[in-house]
Amino acid sequence: MSLVGTKEMFEKAYNGGYAVGAFNVNNMEIVQGITEAAAELHSPVILQASAGARKYANSIYLVKLVEAAVALHPEVPIALHLDHGADFEVCKDCIDSGFTSVMIDGSSKPYEENVELSAKVAEYAHAHNVVVEAELGTLAGVEDDVSVAAENAQYTDPAQVVDFVKKTGVDSLAIAIGTSHGAYKFKPGTQPHIRLDILEEIVKELPGFPIVLHGSSSVPQEYVKIINANGGGLQDAIGIPEDQLREAAKSAVCKINIDSDLRLGMTAGIRQHFTEHPEHFDPRQYIGDGRKYVKDIVHHKIINVLGSENKI
Ligand code: G3H
Ligand code: 13P
Ligand code: ZN
């Protein structure tokens, strides 16, 4: 099988009550850890590259690494997605160079500008058989000093979603319901929660339409502990509770974005390796341990959060 788009993946996920994991890739070992776990569990998977990843690794390396994973695991449906495309040009570049899905992120722009930009990307992408994700509402951390009104204003407004999807023609919609990027999503002592009630309202407006959740790392404390026990300094790192993501995956959420948890896994493996083997200096030994934890984490997500095992 060659790289696939997400249309069929999302139809099956929507109807099957599960979500497909969209994992950020930055190097070979991350691609390997993710795709080995997906292959073992017979799960579809989305590999996504951010602007930072493309700058770090060079987009050509990333495309070729993902193509290598496809060749090694031909039975696994694998999509290659641009994460947080900032403008038309970056989306066009990825569409022209082999990506099967792109995100145009106009969420920080005024509504009409977001509509215009997302529609322009969708038109070009569809002419090239590529699918498009857009975002409505802005993700942010839940901060104590943000007033409730301002905080609410960041959530996706269910009253806007039908108009947005109709005018843009995009294939999936990323929404803001209280998830946020990074490893520090909630203040210590607060009850971490996402607004599943807003998701429900959006689903009523857009029945059958695939929804995407960004910022969905759960920040597993066992990996935070390994990092801190081996010289790290991550204080009060808190993520999204897994049971809430599982609920969202049973509903219309078809794509769940995870990056920070893989970073924690890679860092935990490498730090632990150096504590246990201070004499080692072969990168294959310590990056190999990082890759092992990346694979373990994706394994865990597929079974406990996404529900996408045996869905090929
Ligand atoms: O949404 C953000 C992803 O975690 C990518 O992060 O831009 O540092 O590669 P990055
Ligand atoms: P996390 O930082 O929660 O892993 O989110 C990643 C993401 O949304 C990538 O687009
Ligand atoms: Zn994101």
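Each ligand, and each atom within it, is numbered from 1 in the order the structure gives.
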**Item:** Option set Ser50, Ala49, Gly182, Gly52, criterion heavy-atom distance to atom 9 (O) of ligand 1, minimum
**Value:** Ser50
**Prompt:** Does a side chain donor of either Asp171 or His126 reach within less than 3.5 Å of an acceptor in the other side chain?
**Reply:** yes
**Item:** Distance-only N or O hit between ligand 2 and Ser217, under 3.5 Å
**Value:** yes
**Prompt:** What atoms of ligand 1 come closer than 4.0 angstrom to any heavy atom of Asp259?
**Reply:** 3 (C), 4 (O), 5 (C), 6 (O)
**Message:** Hydrophobic clustering (ILVMFWY, side-chain heavy atoms < 4.5 Å, transitive) - are Ile258 and Val212 grouped together?
**Reply:** no
**Prompt:** What part of Asn24, side chain, backbone, both or neither, has a heavy atom within less than 4.0 angstrom of ligand 1?
**Reply:** side chain
**Count, waters excluded, of protein N, O or S atoms under 2.8 Å from the Zn ion (ligand 3)** = 3
**Complete:** Within 4.0 Å of some non-hydrogen atom of His214, the atoms of ligand 2 are 8 (O), 10 (O)
**Request:** Consider every N or O of Asn24 and every N or O of ligand 2, then say whether any pair is closer than 3.5 Å.
**Result:** no
**Asked** To the nearest 0.1 Å, how far is atom 8 (O) of ligand 2 from its closest protein heavy atom, and which atom is that?
**Response** Gly215 N, 2.8 Å
**Prompt:** Between Ala252 and Tyr14, what is the shortest heavy-atom contact and its length?
**Reply:** CB-CE1, 3.4 Å
**Complete:** Residue, atom and distance of the protein heavy atom nearest atom 9 (C) of ligand 2 read Asp83 OD2, 3.1 Å
**Item:** Structural part of Ser216 in contact with ligand 2, heavy atom criterion under 4.0 angstrom
**Value:** backbone
**Asked** Between Lys225 and Glu222, does a salt bridge (charged side-chain N to carboxylate O under 4.0 Å, His left out) hold up when you go through it step by step?
**Response** CA-CA 5 Å; Lys225 280 196 189 113; Glu222 61 266 40; over 6 Å; no
**Message:** Regarding Lys120 and Glu123, does a basic nitrogen lie under 4.0 Å from an acidic carboxylate oxygen?
**Reply:** no
**Request:** Mind running salt bridge (charged side-chain N to carboxylate O under 4.0 Å, His left out) on Glu40 and Lys295 for me, showing each step along the way?
**Result:** CA-CA 10 Å; Glu40 278 180 17; Lys295 181 176 171 181; 2.6 Å; yes
**Asked** Taking heavy atoms and a distance under 4.0 Å, where does Arg263 meet ligand 1: side chain, backbone, both or neither?
**Response** side chain
**Asked** Between Phe88 and Tyr124, what is the ring plane arrangement, given parallel below 30°, perpendicular above 60°, and tilted in between?
**Response** perpendicular
**Item:** Residue Ile258 vicinity, atoms of ligand 2 by number, heavy atom under 4.0 Å
**Value:** 4 (O)
**Prompt:** Where on His84 is there a heavy atom closer than 4.0 Å to ligand 1, on the side chain, on the backbone, on both, or on neither?
**Reply:** side chain
